[in-house]
Protein chains: 2
Amino acid sequence: MRDNAPCSRADIAASTGLNKATVSSLVADLIDRRLVRETGLTENRVGRPATMLVLDGSPYASIGLEVNVDYLTAVAVDLSGERLLSWRRAFPGATATPAQAVAAVAALTRRVVNRMTKDQRQVLGVAVAVPGLIGTDGTVRVAPNLGWHEVDLAGDLAKALRDPGFPIQVENDANLAVLAEHRFGPLGGTPNLVYLTGEVGVGAGVILDGRLRRGGQGFSGEIGHIQIDPQGPRCRCGRTGCLEAVAGIGVLVSTTDPAEVESEIDEVVRRAKAGDAATLDQLATVGRDLGRGIAIAANLLDPDAVILGGYYVPLAPWLLPAAADQARALSIAADFGGCEIVASTLGYGAAALGGAARVLDSVDSGRLPSP
Amino acid sequence: MRDNAPCSRADIAASTGLNKATVSSLVADLIDRRLVRETGLTENRVGRPATMLVLDGSPYASIGLEVNVDYLTAVAVDLSGERLLSWRRAFPGATATPAQAVAAVAALTRRVVNRMTKDQRQVLGVAVAVPGLIGTDGTVRVAPNLGWHEVDLAGDLAKALRDPGFPIQVENDANLAVLAEHRFGPLGGTPNLVYLTGEVGVGAGVILDGRLRRGGQGFSGEIGHIQIDPQGPRCRCGRTGCLEAVAGIGVLVSTTDPAEVESEIDEVVRRAKAGDAATLDQLATVGRDLGRGIAIAANLLDPDAVILGGYYVPLAPWLLPAAADQARALSIAADFGGCEIVASTLGYGAAALGGAARVLDSVDSGRLPSP
DNA sequence: ACTAATTTGTTTGGCTAGCAGACGAACTAA
DNA sequence: TTAGTTCGTCTGCTAGCCAAACAAATTAGT
């Protein structure tokens, strides 16, 4: 129904192969739960007009949050995918303690939840994106840019919200961003996707066969520290030639203050638009190195598409051609295995949006709210 | 039952949560299909003795084949995992035409099938391992070492066997090898595995969340041509610094004749055992470069284990320490994410055995032979 | 205007898978 | 010999789904 709305019960029966009677009873249950709503009838067709069905957006909301080095983001989405709210708020993530972060996130969450309940919506769940290694149990093992170590964010947040009555999840930012692309992006539904976060760090989110793949410990997608060039520059992690040391956003900016990165990137864009040779050169070099990293992921995973996010998006006009050339040259499959490289269109809120997507995923996979 | 045999109906009910009556009826159906057999009773316990159940090995067989540059391998396995047959036969794969290969594989298959029918076994299926890129439809897109291009091996084989009455599948050798490890190896059942074939080429088979991941086009696992060092040596593929150019078996042998590789590797082992400094040095270098490749895969996929196969196995005593050191140094997760690096114990027949495993997988996932 | 054709969605009755609980069978422990 | 335990089957029951019939609401054609 999400893909083909509005559609009739008969449409669903035809496309799923289920019996009309079965569809009717299932739809009745979904209407009881206020997940689905009848809209008008079809007209101007032979035969009895069909009563059309749509996902009912109004009674529920799904909330996604993102903690980052310089801001908190909150997104709320309804069941039909409509964006209800998108807030961004400055936050000194790089210097705040985990306890301060929990308090700030809890405060923001409370405000979003209040807004939702004022709108008569029930909150289905909250998922928080964190840039770092997240264990399979949802605790933050380590988030270098936030200076966090073994923080049970989900538990602390639940405590701060005093048993909020909806589940709270924590997940890696790249993992959530790729979920956002999979549900809301122009390549939505594509079964094999890789998403690259373009921040000072570079992380990957990997969807294979339609599901997020988190690896054994939940640490998959750590592409930022694969070694692109053993003779490359030293990375802040202490190793040499890491992808993020040669193709991270940090290569293009001089500041170490995360709050200033955005304006510096704007400046790079300005110089590139003006045709500044040194800038164009530097962007081409970063693009090629990024292409090397993409080629590695593509050779290993054979995705249908690689999506560039974060600050890679405004720089895409200059990065993409070089990256695509390099990736194609280094790919073993003919024609790059039909894999596309594209810039994300979801903007900076991708990870938070992915949090909301994750909550919706759990509804789609059967955890329905009771009637 | 495969994991806990022999076990009683009551055991199954207890461990699955199914009702005893349900288990009884399902078991009756499996016994009808001759997939399961009752063995003796338990004794010396309080209460009524249980009738124990085991997988019935005798009525069926699953066949795996491998086409390689210098040999064909055939393996037959019964339902309980017992090896029934393991044949290896010289075959000039590097020079034979696809048609000749089909004829040779068909002849070998016929002999295996005849043996199975003589033993009163029904063949459940055949899966053929091919070193190359295999499309999602099972056609061989390209197999460089065999000189193949767009060969519909499954179709041709079915034609040559004149509608054999069992399904024929074709799959990449590394993909099948990792299935063999997952079913028969000491790490069997581990949900996230990477297997590296150690031949002149290097390929990877990837299992994530318990299932083989083939990527969008079926081309996943092409780790052999990821660029380890942009300043590295030229690879036979024309690129520079590919993993197989720095850590493939070809680095350690001088011959280009695949038939002679095995004896040359034996010679390397002899020299290493004798403590020859140049050899040990070379092995350490290859081990380190292999470790770089492993680190890349581990950072991106976070597997529970990486398994080295092919000629890496006899060389493992010298390669593994260097590879593990390097991989640990380049891994972002603490303690290498708990990931083990081990040598395969399945021997050269791993890919063929994996073919048999694939057929058994399809039985386990519900394609049962009729009663 | 009226009938035939078409399409929708509900109703009816039936089938199957699985469940809970009762029960007989077969054993051990005291 | 009796009590207790465990196994596997048997007996009804329910939930989910199906096929087919059917009523409702429309268009197409004469």
Side-chain angles (χ1 to χ4, degrees), chain A residues 1-57 59 79-80 362-371, chain B residues 1-57 59 79-80 362-371:
Chain A
M1 206 178 299
R2 193 181 294 288
D3 293 341
N4 303 318
C7 58
S8 69
R9 293 168 173 83
D11 293 339
I12 296 173
S15 68
T16 61
L18 289 169
N19 189 277
K20 285 192 293 173
T22 308
V23 171
S24 275
S25 77
L26 292 175
V27 165
D29 180 59
L30 292 175
I31 289 176
D32 274 356
R33 294 176 193 269
R34 304 192 55 196
L35 293 166
V36 164
R37 190 164 46 85
E38 293 187 341
T39 59
L41 305 182
T42 47
E43 286 165 48
N44 298 327
R45 288 190 328 166
V46 178
R48 170 176 165 181
T51 55
M52 302 308 271
L53 303 167
V54 289
L55 293 179
D56 186 0
L79 212 66
S80 55
S362 68
V363 174
D364 282 2
S365 62
R367 291 166 179 266
L368 305 184
S370 354
Chain B
M1 206 177 300
R2 193 181 295 288
D3 293 340
N4 303 319
C7 59
S8 70
R9 292 169 175 81
D11 293 338
I12 296 173
S15 67
T16 61
L18 289 169
N19 190 278
K20 283 190 297 174
T22 309
V23 172
S24 275
S25 78
L26 292 175
V27 166
D29 178 60
L30 292 174
I31 289 176
D32 274 356
R33 294 175 194 269
R34 303 191 59 195
L35 293 166
V36 163
R37 190 162 46 86
E38 293 187 339
T39 61
L41 305 181
T42 47
E43 285 166 51
N44 299 328
R45 286 192 327 164
V46 178
R48 172 177 163 180
T51 54
M52 301 310 269
L53 302 167
V54 289
L55 294 179
D56 186 359
L79 212 66
S80 55
S362 67
V363 174
D364 282 1
S365 61
R367 291 168 179 263
L368 305 182
S370 351

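In what follows, chains are A, B, ... by sequence order, proteins preceding strands, each numbered from 1. Heavy-atom basis, side chains included; hydrogens, waters and symmetry copies ignored.
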- Item | Check: A/D11 side chain, A/S8 main-chain N or O, donor-acceptor pair, under 3.5 Å |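 Judged by distance alone, yes, a pair lies under 3.5 Å.
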
- State whether the side chain of B/T39 and the backbone N or O of B/M52 hold a donor-acceptor pair below 3.5 Å, judged by distance alone.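 Yes; judged by distance alone, with no hydrogens or angles, the pair exists.
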
Measure the spacing between [atom1] of [X] and [atom2] of [Y] and express it to the nearest 0.5 Å.
{"X": "A/R9", "Y": "A/L18", "atom1": "CZ", "atom2": "CG", "result": "14.0 Å"}
{"X": "B/I12", "Y": "B/L53", "atom1": "CD1", "atom2": "CG", "result": "5.5 Å"}
{"X": "B/S80", "Y": "B/M1", "atom1": "OG", "atom2": "CE", "result": "12.0 Å"}

- What's the CG-C1' distance between A/L26 and C/dG9, to the nearest Å?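 Between C1' of C/dG9 and CG of A/L26: 14 Å.
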
- Item | Atom pair distance, as rounded to whole Å: CG in B/L53 and C1' in D/dG8 |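 Nearest whole value for this atom pair: 11 Å.
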
- Query: How is A/T51 classified with respect to the nucleic acid when contacts are heavy atoms under 4.0 Å: base, sugar-phosphate, or nothing?
  - Reply: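 Sugar-phosphate, no base atom in range.
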
- Side-chain contact, heavy-atom cut-off 4.5 Å: A/L79 with A/P59?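 Contact flag for A/L79/A/P59 side chains = no.
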
- Between A/V36 and A/L55, is any pair of side-chain heavy atoms under 4.5 Å apart?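 When only atoms from C-beta onward are counted, A/L55 and A/V36 do touch, with a gap below 4.5 Å.
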
- Around A/R2, counting heavy atoms of other residues, nucleotides and ligands shown, do more than 12 lie under 6.0 Å from its CZ?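 Check passes, neighbour count above 12.
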
- Would you please confirm or rule out a distance under 4.0 Å between OP1 or OP2 of D/dC18 and any side-chain N or O of A/T22?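 Yes, within the criterion.
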
- Message: If you compare every side-chain N and O of B/S24 against the phosphate oxygens of D/dG8 (OP1, OP2), does one of them come in below 4.0 Å?
- Response: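 Answer no for this pair, as no side-chain N or O of B/S24 is under 4.0 Å from OP1 or OP2.
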
- With B for base contact, S for sugar-phosphate-only contact and - for none (protein heavy atoms under 4.0 Å), nucleotides 20-30 of chain D reads ---BBBBSS--

- Message: Near DNA chain D, counting only heavy atoms under 4.0 Å, which residues of residues 8-18 of chain B show up?
- Response: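 Under 4.0 Å from DNA chain D: B/S8, B/R9, B/A10.
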
